[in-house]
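A short worksheet on the structure shown next.
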2 protein chains.
Amino acid sequence: MSEVPNTLLGKVMSVLNAFGADDDELGFAELGRRTGLPKATLHRLLGDLTDVRLLDRGTSGYRLGGHLFQLGIRASVERRLVEVSTPYLEDLYERTHETVHLGLLEGHEVVYAAKIGGHRQASSPSRLGGRMPLHATAIGKALLAHAQPALRTEVLSAPLARRTPRTVVTPGMLRRQLATIRQTGVAYEFEESRVGLACVAAPVLGHDGAVVAAVSVAGPAIRFDPRAHAASVHAAATGIALTLIRRATLSSGN
Amino acid sequence: MSEVPNTLLGKVMSVLNAFGADDDELGFAELGRRTGLPKATLHRLLGDLTDVRLLDRGTSGYRLGGHLFQLGIRASVERRLVEVSTPYLEDLYERTHETVHLGLLEGHEVVYAAKIGGHRQASSPSRLGGRMPLHATAIGKALLAHAQPALRTEVLSAPLARRTPRTVVTPGMLRRQLATIRQTGVAYEFEESRVGLACVAAPVLGHDGAVVAAVSVAGPAIRFDPRAHAASVHAAATGIALTLIRRATLSSGN
DNA sequence: TCAGGAGTTCCGCTGACCGGAACTCGGTGG
DNA sequence: CCACCGAGTTCCGGTCAGCGGAACTCCTGA
């Protein structure tokens, strides 16, 4: 919904964005509700999008299309990041045997771009391509701590949504945590996004010091002590950063 | 180039499709050449696409955008397939320590949707999201053998491009190979797509017998004997198929 | 200094896109 | 059995988003 610009592209994006990470299929009516587009317009648009395979028809509605999958896989920077990170994430999983994530900063949220482990149905805090608020997750705080000051100000001045009793919702407290994270390079989370979940995260910094992504390990709060894995997570993040920088300098000399 | 329909969406797709799997960045002029769009039109379009992050500006041109990456990650059926397959592919990699691929049938080509191993720079025959012809790769032949008869006819009646001295370019020969593959459920390739490369592949069949994807293991022809791994590849493909079917029946009863 | 290619801006024309309204199709409940 | 409802589809005249030729600037290399 919310302010679809009156251009074809705007409507297209509004339809595509209507699909959340957990929505496999959406029906015509549900899409109409989410996008706010008139029925006739939506109908034509869905037809056109299906023709170019940005959408596919499912058993009882529409889903994001196979073509989109292909294009997404090719999106160069992100793909590289995931390719480079994978070995490190696998290594981290070997060490911890807990769910490992790679998260990207996107607007005021984290987007999960890779995930290893969490094969058991229960523990997964988030699906691939899913989003989480920055202030309530270790990975989000790691990103936020190293993000542009302007972004930090924006997030801190907006109300911080409470997700569990332990979510940090006071700006002062969060600001102090972020300062610590900036110094130590490690972010923690104890049941702040979800009861029963604990998490460590570390930022991946680019050659210019800007945050590119963050790595995290999450596990059940009862048996999983995030502090025990801080060093491993930090090492993985650093390893990824170094590999990225090496690649960048190599390819620029090409 | 080739017949861009005169609609915005058509132009958009033509721009997005201009990016091949190996193109990280394309300049304005190169995009103009590939899409055949007039400069002014292209310029505006690129601006609009950048605004919605379907494209990003790179150091010296445009690249597929971060938003596309997110959307692609969410494309439901393909994502599921990759999620389900990953453990099997990892297992296969553990057994063989050679490059493992998951490939999807898309038009008259294979699209590589997942890849494990090939960490060494040399051996990778293909990038994620890349395409290869069906007749010249084990994975392509596995897909083709089990595809709709109509597709097989089309591919066999078009000229078969030679990629190496050993590429199968005679329709009769290929037809016989496909028949064998259909019986055995395993496809081979000996330096047909690339000199020095050998490969085994097996199809992943859906509950209705239609091909969904194919799994392959590829290695250097000198030390890698594809026959030795036929059983493992076949087992992985079957395992994936069974898991998919189990999931499908479970969720339909929901 | 000039040539040529890359990228940007201008602006008037027009058909691709818009969306209200009227329709069909399958439930469902009175 | 019909009235109603929500989902999805089709029609069609109006209009503005998008079009693209042309003229422009900004580089870079000879």
Side-chain angles (χ1 to χ4, degrees), chain A residues 1-20 23-65 67-68 76-77 251-254, chain B residues 1-20 23-65 67-68 76 252-254:
Chain A
M1 190 79 78
S2 71
E3 285 318 304
V4 175
N6 197 24
T7 63
L8 216 206
L9 208 47
K11 291 173 221 265
V12 167
M13 295 314 290
S14 133
V15 168
L16 296 183
N17 289 327
F19 288 83
D23 303 310
D24 274 3
E25 279 190 19
L26 295 176
F28 182 101
E30 181 57 24
L31 282 167
R33 230 162 287 132
R34 298 196 186 192
T35 58
L37 295 171
K39 284 204 291 182
T41 305
L42 181 60
H43 186 257
R44 185 172 23 81
L45 196 53
L46 291 177
D48 293 349
L49 288 172
T50 306
D51 287 345
V52 296
R53 300 217 45 212
L54 289 184
L55 293 182
D56 285 342
R57 303 212 67 135
T59 51
S60 65
Y62 296 85
R63 47 179 150 72
L64 294 175
H67 205 127
L68 210 45
S76 40
V77 168
S251 70
S252 70
N254 173 19
Chain B
M1 189 79 76
S2 71
E3 284 320 302
V4 176
N6 198 24
T7 63
L8 215 207
L9 208 49
K11 290 174 223 265
V12 167
M13 295 313 292
S14 135
V15 168
L16 295 183
N17 289 327
F19 288 83
D23 303 309
D24 274 3
E25 279 189 21
L26 295 177
F28 182 103
E30 181 57 24
L31 283 167
R33 230 163 286 133
R34 297 197 188 192
T35 58
L37 294 171
K39 283 205 291 180
T41 305
L42 181 60
H43 185 258
R44 184 172 24 79
L45 196 53
L46 292 177
D48 294 349
L49 289 172
T50 306
D51 287 344
V52 296
R53 301 218 44 211
L54 289 184
L55 293 181
D56 285 342
R57 304 213 66 135
T59 51
S60 65
Y62 296 85
R63 47 178 149 73
L64 293 176
H67 204 127
L68 209 45
S76 42
S252 71
N254 175 18

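Letters go in sequence order (proteins before strands), and every chain restarts at 1.
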Expressed in angstrom and rounded to an integer, what is the separation of [X] atom [atom1] from [N] atom [atom2]?
X	N	atom1	atom2	result
A:Leu8	C:dG19	CG	C1'	14 Å
A:Phe28	C:dT24	CZ	P	17 Å
A:Leu9	D:dA17	CG	P	14 Å
B:Leu31	C:dT8	CG	P	12 Å
B:Lys11	D:dA17	NZ	C1'	12 Å

For this session: Would you check if the side chain of B:Thr41 reaches a backbone N or O of B:Leu37 as a donor-acceptor pair within less than 3.5 Å?
Result: no

For this session: By nearest nucleotide on DNA chain D, pick out whichever of B:Ala40 and A:Gly61 is the more 5' one.
Result: A:Gly61

Problem set entry | Pairing pattern in dot-bracket form [Watson-Crick, G-U; both distances under 3.5 Å; | = partner strand] for DNA chain D | ||||||||||||||||||||||||||||||

For this session: Describe the nucleic acid contact of B:Ala29 in one word from base, sugar-phosphate, nothing, applying a heavy-atom distance below 4.0 Å.
Result: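 The residue B:Ala29 makes sugar-phosphate contact but no base contact.
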
Once rounded to the nearest 0.5 Å, what's the spacing between atom [atom1] of [X] and atom [atom2] of [Y]?
X	Y	atom1	atom2	result
A:Leu16	A:Lys11	CG	NZ	14.0 Å
B:Leu55	B:Phe19	CG	CZ	5.5 Å
B:Arg44	B:Leu49	CZ	CG	10.5 Å

For this session: May I have the step-by-step check of salt bridge (Lys or Arg N to Asp or Glu O under 4.0 Å) for A:Arg63 and A:Asp56, ending in yes or no?
Result: CA-CA 5 Å; A:Arg63 47 179 150 72; A:Asp56 285 342; 3.7 Å; yes

Problem set entry | Distance-minimising heavy-atom pair for A:Leu26 and A:Arg34 | CD2-NH2, 3.8 Å

For this session: Please list residues of residues 41-57 of chain A whose heavy atoms come under 4.0 Å from any atom in DNA chain C, ordered by number; otherwise none.
Result: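 Per residue number, the list reads A:Thr41, A:Arg44.
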
Exercise. With the sugar-phosphate defined as primed atoms, P, OP1 and OP2, and the base as all remaining atoms, what B/S/- string results for nucleotides 23-30 of chain D, 5' to 3', for protein heavy atoms under 4.0 Å?
Worked result: --------

